[in-house]
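Read through the structure below, which is laid out as structure tokens, and then see the notes.
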2 protein chains.
Amino acid sequence: MMTIGTLAEKTGVGIETIRYYERRNLVLPVARKASGYRIFDESSVHKIKFIKNGQRLGFTLNEIGSLLALRVKKSGRCGDVKRKAEEKILEIESKIKSLRQMKKALTELIGHCHAERPTGDCPILQSINGVKED
Amino acid sequence: MMTIGTLAEKTGVGIETIRYYERRNLVLPVARKASGYRIFDESSVHKIKFIKNGQRLGFTLNEIGSLLALRVKKSGRCGDVKRKAEEKILEIESKIKSLRQMKKALTELIGHCHAERPTGDCPILQSINGVKED
DNA sequence: GTAAACCCGGTACCATACTACAGGGTCAAG
DNA sequence: CTTGACCCTGTAGTATGGTACCGGGTTTAC
């Protein structure tokens, strides 16, 4: 049993963040004191760590919310989680693909660059521009 | 010489977007009619295409703003643009790296999955969780 | 001359994940 | 019994890149 400050310290997130997670229905206090103080227990520590790990894997808070819900629902199958993970991998792959395209285009542009030229003649800008002058 | 609607049509962006670019000081009308109507010319068409191309290369509107400024400044050197492009490449590489890490982690998790298992036993969730139960 | 299409400024809203107050009440140590 | 650390709610702001709407005025074509 702990207050929000202790939970924040244990998990390394800010107090405001925990209240934000509560608004998002991700981490609810197990109880309230008569004074209104939130009370948390170890399960809240695990939940916040779950959230942080999920974020590291590229899940949004909304997605993490449904993973948490799956975990609780008795009818949830491991396959449901697997499907979400597979979707996320596809998403990640497509992001990587478009980043690679950006990198390739930028690398080619840099190859044409002669540093001392004034920007008026810069082949990078011209190429971003698509035309010779503005 | 054209109004905002024509410019929007020529460039494929929305009218509101052009007004937004104006607020961001990226595309300013060359003049105003007595009625207050914005007047644009071909240079605005090029500028908006420049913005769209810059976004495709991964630059933010702020960054595109400084590229546009470099293009205008007489003192700007092509090398300044090159440096920005190189920084952007590093950024892109680091994003790719962290996406690859996510993908790898997710792929490993999926490998342990047995679809019919209830989520209570799901190795993916357990692993995100870091512990056995919540 | 009138109606449709267009434009104006200003404000507010979308998603994402927080962060920062303000103006209070509560709790624990000394 | 007071002081400082802690907590409360509620609201607003951050960055990013727009989108949507409102109540007007303008322009254009017929």
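The shown structure was predicted, so the numbers you read here are calculated from the model rather than taken from an experiment.
Rounded to whole angstrom, the span from the CZ atom of B/F59 across to the P atom of D/dG17 amounts to 13 Å. A straight line from CG of B/N62 to P of D/dG18 spans 12 Å, rounded to a whole angstrom. Whole-Å rounding puts the A/I39 CD1 to D/dC8 C1' distance at 14 Å. Atom OH in A/Y20 sits about 18 Å away from atom P in D/dA12, given to the nearest Å. The nearest whole Å value for the distance from the CG atom in B/L61 to the C1' atom in D/dA15 is 12 Å. In this structure, B/E16 atom CD and D/dC22 atom P are separated by 13 Å, rounded to whole Å. Protein atom CZ of B/R19 is 11 Å distant from nucleotide atom C1' of D/dC21, rounded to whole Å. Per the geometry, CD belonging to A/E22 stands 14 Å off P belonging to D/dC7, to the nearest Å.
Counted by atom type alone, B/S43 and B/D41 present one or more donor-acceptor pairs between their side chains at under 3.5 Å. Judged purely by distance below 3.5 Å, without hydrogens or angles, the side chains of B/K52 and B/Q55 pair a donor atom with an acceptor atom.
The side chain of A/R32 contributes an N or O atom lying less than 4.0 Å from OP1 or OP2 of D/dT9. Phosphate contact (OP1/OP2 of D/dG18, side-chain N/O of B/Y21, threshold under 4.0 Å): present. Between B/T60 and D/dA15 there is no side-chain N or O to OP1 or OP2 distance below 4.0 Å. At D/dT16, none of the side-chain N or O atoms of B/Q55 fall inside 4.0 Å of OP1 or OP2 (strictly under the cut-off).
Atom CD1 of residue A/I92 and atom NZ of residue A/K88 lie 6.5 Å apart, to the nearest 0.5 angstrom.
Positionally, the nearest nucleotide of DNA chain C for B/G36 lies more toward the 5' end than for the other of B/G36 and A/K52.
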query: Can you give one letter per nucleotide of nucleotides 24-30 of chain D, going 5' to 3': B for a protein heavy atom under 4.0 Å from the base, S for sugar-phosphate only, - for none?
result: -BBS---
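If you walk DNA chain C from 5' to 3' and mark each nucleotide with an atom closer than 4.0 Å to a heavy atom of chain A, the marks span C/dT16 to C/dC27.
Nearest heavy atom pair, residue A/G54 against residue A/I64, reads C-CD1, 3.9 Å.
B/E22 is listed as a side-chain neighbour of B/L28, based on a closest heavy-atom distance under 4.5 Å.
Other residues, nucleotides and ligands contribute over 12 non-hydrogen atoms within 6.0 Å of the CD atom of B/E86.
The side chain to side chain donor-acceptor pair (under 3.5 Å) search around A/Y20 returns A/R24, not counting sequence neighbours.
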task: List the steps and the verdict of side-chain contact (heavy atoms from CB on, under 4.5 Å) for B/R19 and B/E16.
output: CA-CA 5 Å; B/R19 288 204 273 249; B/E16 309 281 357; 3.9 Å; yes
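In the hydrophobic clustering of ILVMFWY residues, with side-chain heavy atoms under 4.5 Å counting as a link, A/V27 and A/L61 come out together.
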